[in-house]
Number of protein chains: 2
Amino acid sequence: MPMFDLASYLPYLVNRVGARLAEAFSGELADLRITLPMWRVMAALCQKAGQRVGELAEVTSIEVSTLSRLLRAMERKELVRRARSLEDARTVLVELTDAGVAMTDRIVPRARLYQDLALSGFTSAESDSLKAMLVRVHGNLGALAAQRSGFERPA
Amino acid sequence: MPMFDLASYLPYLVNRVGARLAEAFSGELADLRITLPMWRVMAALCQKAGQRVGELAEVTSIEVSTLSRLLRAMERKELVRRARSLEDARTVLVELTDAGVAMTDRIVPRARLYQDLALSGFTSAESDSLKAMLVRVHGNLGALAAQRSGFERPA
DNA sequence: TATTGTTATACTCTATAACTATA
DNA sequence: TATAGTTATAGAGTATAACAATA
């Protein structure tokens, strides 16, 4: 029987936390009839107003084809608007509607509160340290993927 | 437009890292015809030999009904074995077959290497600190879920 | 009655590829 | 030709509930 300590295996720890974060916040969004993927899109859009579909896919970690259908559902709920770019007519720019902005405004305080609960007992230095290390790991994995693709990626 | 900084939002950072970890290691497992959920089950089982289905569901963050079908698929591949418990005939104990142990033995070194790549540039103290903080966040979220369920859960 | 696990259903996500339109 | 996005399909996951067996 091979030896392997899950409790010190980073992917396990991250997956576990991610599952709990997702489960808990999904419940938080249920009464607003918003799903977690929708909130991810809204959070990305409220950070930067008009984004291309591919850009959004990268930020939200949602597959482009999945995202395309998700955006259609969000359009039906009048949360977002899609429009062809004037500069490059291949690309589609996505932005929040007024209703989308209003909904995001309702969710953001919950998201903040929720993060505070997840980090309760942490000093602000500890929170910052945790986040910085997650960013470093993300970077390491990105470099890894870039290597495999044969060469460095633009970013 | 609401203000919200994704780059300092913990759920976003965790989701992002989780997505990259999953994507990268899935590729690592592809040539062995093992999926990530299968590996999660195997890793859990190599940590503790015989586990109930519900126990495995908790450890792997996989829904019981999904896990039930996953275990059937793993039985067909002769990686695991299911058997009714003698003590409580309602419960089913899952364990790795010899082939399952052999496969796990092939994967474990890759998993270790893979973790090292994800944590490259980290001192051992930093890695430990990151893991410990993820465990604390997991605990905070568990306490939160327990509260909502009306009262404290056994564990 | 409550619990454990399996099964069924409907819905969503992923992966892949075909397709349209632009560049 | 290459790129951006949409759409279609099949396979797998999730959520829910019904169900069987056992406690």
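For the numbers below, each heavy atom of this structure counts, side chains included, while hydrogens, waters and symmetry mates do not. Throughout, protein chains are lettered first and strands after them, A, B, ... in sequence-line order, and every chain is numbered starting at 1.
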TODO: For B/Val64, report the nucleic acid contact type (base, sugar-phosphate, nothing); a contact means any heavy atom under 4.0 Å.
DONE: base

TODO: Among the candidates C/dT22, C/dT6, D/dT16, find the nucleotide nearest to the side-chain atoms of B/Ser65.
DONE: D/dT16

Open item on the list: From C-beta outward on B/Arg69, which listed nucleotide comes closest to its side chain: D/dG13, C/dT14, C/dT22?
Closed with: D/dG13

Open item on the list: Would you say B/Thr66 places a side-chain N or O within less than 4.0 Å of OP1 or OP2 belonging to D/dT14?
Closed with: yes

TODO: Examine distances only and state if a side-chain atom of B/Arg81 and a backbone atom of B/Thr97 form a donor-acceptor pair shorter than 3.5 Å.
DONE: no

Open item on the list: Please report the distance, rounded to the nearest Å, between CG in A/Leu56 and P in D/dA4.
Closed with: 14 Å

Task: Donor-acceptor contact present, side-chain A/Glu78 to main-chain A/Gly100, <3.5 Å - done: no

- [ ] Let me know, please, whether A/Asp88 or A/Pro37 comes out on the 5' side of the other along DNA chain C by nearest nucleotide.
- [x] A/Pro37

Task: D/dG5 phosphate, OP1 or OP2, under 4.0 Å from A/Arg52 side-chain N/O - done: yes

- [ ] Could you state the atom-to-atom distance from CD1 of A/Ile62 to P of D/dG5 in whole Å?
- [x] 14 Å

Task: OP1 or OP2 of D/dA4 under 4.0 Å from side-chain N/O of A/Thr91 - done: no

TODO: Select one nucleotide: of C/dA23, C/dT4, C/dT7, the one nearest the side-chain heavy atoms of B/Arg90.
DONE: C/dT4

Open item on the list: If you define the side chain from C-beta out and look only at heavy atoms, does anything of B/Leu141 sit under 4.5 Å from A/Phe25?
Closed with: no

Task: Rounded interatomic separation in angstrom, taking CZ from B/Arg72 and C1' from C/dG5 - done: 12 Å

Task: Proximal nucleotide (of C/dT6, D/dA15, D/dT7) relative to the B/Glu63 side chain - done: D/dA15

TODO: Could you pick out which residue, A/Leu70 or A/Leu86, lies toward the 5' side of DNA chain C when each is mapped onto its nearest nucleotide?
DONE: A/Leu70

Task: Nucleotide C/dG5, atom P - distance to CZ of B/Arg84 in whole Å - done: 8 Å

Open item on the list: Side chain of B/Val92, heavy atoms from C-beta onward: which of C/dT14, D/dT6, C/dT6 has the nearest atom to it?
Closed with: C/dT6

Open item on the list: I'd like to know if the side chain of A/Arg110 and the backbone of A/Glu28 have a donor-acceptor N/O pair within less than 3.5 Å.
Closed with: yes

Task: A/Glu58 CD to D/dG5 P, straight-line distance once rounded to whole Å - done: 12 Å

TODO: Rounded off to whole Å, could you give me the CE-to-P distance for the B/Met74 and D/dG13 pair?
DONE: 11 Å

Task: Whole-Å distance separating the CG atom of A/Leu36 from the P atom of D/dG13 - done: 19 Å

TODO: Using only heavy-atom distances, determine whether the side chains of A/Asp88 and A/Thr91 contain a donor-acceptor pair under 3.5 Å.
DONE: no

Task: Interatomic distance where CG belongs to A/Leu93 and P belongs to C/dT22 [whole Å] - done: 15 Å

